[in-house]
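Values below: all heavy atoms of this structure, side chains included; hydrogens, waters and symmetry mates excluded. Residue numbering restarts at 1 for every chain, and letters A, B, ... go by the order of the sequence lines.
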2 protein chains.
Amino acid sequence: MTVMLDPSSHSPLPTTRLTTKQKAVLTQLEQLQEAVSAQRLYTELRQQGESLGLATVYRSLDLLKLRGLVQSRTTADGEALYSPIQQDQHYLTCLQCGNSVPLGFCPLQKMENQLRRSQAFTIYYHTLEFFGVCEPCTHQAP
Amino acid sequence: MTVMLDPSSHSPLPTTRLTTKQKAVLTQLEQLQEAVSAQRLYTELRQQGESLGLATVYRSLDLLKLRGLVQSRTTADGEALYSPIQQDQHYLTCLQCGNSVPLGFCPLQKMENQLRRSQAFTIYYHTLEFFGVCEPCTHQAP
DNA sequence: GGGTACAATGAGAATGATTATCGTTATTTT
DNA sequence: AAAATAACGATAATCATTCTCATTGTACCC
């Protein structure tokens with residue numbers, strides 16, 4: 001999967017160099033308020049009349065991740081959920097029922113900048129997820 | 001980051017109640033220094049003469065997670081890696097080459113306790129992972 | 001304008017980790 | 001010890017993701 005990085009800098013590229021289909025994937029993702037799977041993106045884009053294949057959706061998402069425009073997290077059953085990168089959204093996930101509730105804030109906001117400087121590694125984004133048991137589930141036998 | 005729940009409440013059971021095979025899975029996991037896949041655990045246990053099936057490894061890991069004894073993170077290619085819960089180990093993962101290097105510390109150590117109190121959710125553990133481009137990869141055209 | 005090189009795409013096959021099934025074997029309860 | 005229940009193993013099924021490869025699109029050069 002090709003990359004096409006801007007040789008002049010080490011930072012994510014502008015969206016300008018994206019193909020039509022890649023842009024379609026990105027804008028669809030931006031319109032949704034929640035993180036979604038590749039499969040669902042595919043279905044929705046088709047319903048809207050876009051003509052593209054499932055492989056292209058995956059390829060586009062990989063590319064967009066590489067460019068730092070999209071991030072993903074993985075659900076308990078191994079499905080990757082994608083979202084535009086700007087939303088610094090984290091979750092509390094119940095090990096028992098599997099539900100995730102979003103955390104209203106990011107406990108790492110300040111720290112990431114320090115980290116950026118201290119590591120020889122260009123950080124694009126992070127994922128953070130808390131696991132445990134949610135309130136309803138604590139009241140019922142496992 | 002551990003949990004050690006009060007046995008009088010609706011909490012995970014002590015390791016005492018684990019079956020032989022479940023214990024085998026747990027102790028094998030504790031002996032390894034790195035996070036490993038279920039498949040690898042299975043292979044290694046068989047090599048050591050343990051007689052158990054792959055399905056049992058998965059079932060045991062699920063159970064151990066539910067009890068707060070084991071945690072997992074998911075690699076970029078969708079494989080779950082398991083580790084005993086006490087090690088608060090996070091990673092810097094390169095989007096380009098896929099390599100992960102462990103971060104030497106946890107930026108959340110202090111915060112998690114505050115969080116515990118502020119949420120109606122029993123936190124067992126968290127996963128934190130940074131994504132970006134590693135030093136070597138920034139120097140080569142993709 | 002035509003040609004060449006290479007990137008992007010689609011359809012479907014292949015992969016591979018995880019789950020489900022189901023008959024069997026332990027383990028607990030009575 | 002029988003009955004009830006939980007754990008187990010082997011293997012089939014599932015399903016998200018990746019691979020293959022033939023085709024199409026695009027950029028660049030002559």
Length of the [atom1]-[atom2] vector between [X] and [N], whole Å:
X      : N       : atom1 : atom2 : value
Q39(A) : dC15(D) : CD    : P     : 10 Å
R59(A) : dG10(C) : CZ    : C1'   : 8 Å
R40(A) : dA16(D) : CZ    : C1'   : 16 Å
R46(B) : dA10(D) : CZ    : P     : 6 Å
L41(B) : dA17(C) : CG    : C1'   : 14 Å
Q22(A) : dT26(D) : CD    : C1'   : 13 Å
K23(B) : dC8(D)  : NZ    : P     : 12 Å
E79(A) : dA17(C) : CD    : P     : 18 Å

Between [options], which nucleotide gets closest to the side-chain atoms of [X]?
X      : options                   : value
Y58(B) : dA17(C), dG10(C), dG9(D)  : dA17(C)
L54(A) : dT18(C), dT17(D), dG10(C) : dT17(D)
T56(B) : dT17(D), dG10(C), dC8(D)  : dC8(D)
T19(B) : dG9(D), dT18(C), dA7(D)   : dA7(D)

Distance test, side-chain N/O of K21(B) to OP1/OP2 of dG9(D), below 4.0 Å =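 For dG9(D), OP1/OP2 do have a side-chain N/O of K21(B) under 4.0 Å.
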Check whether the ring centres of H126(A) and H90(B) lie less than 6.0 Å apart, and answer yes or no.
-> no
Would you say the ring centroid of Y125(A) lies under 6.0 angstrom from that of F131(B)?
->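 Ring centres of F131(B) and Y125(A) closer than 6.0 Å.
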Under a plain distance cut-off of 3.5 Å, with no hydrogens placed, do [Y] and [X] share a side-chain donor-acceptor pair?
X       : Y       : result
E50(A)  : Y42(A)  : no
K21(A)  : S60(A)  : no
T127(A) : E129(B) : no

Across the strands shown, which category fits S37(B) at heavy-atom distances under 4.0 angstrom: base, sugar-phosphate, nothing?
-> nothing
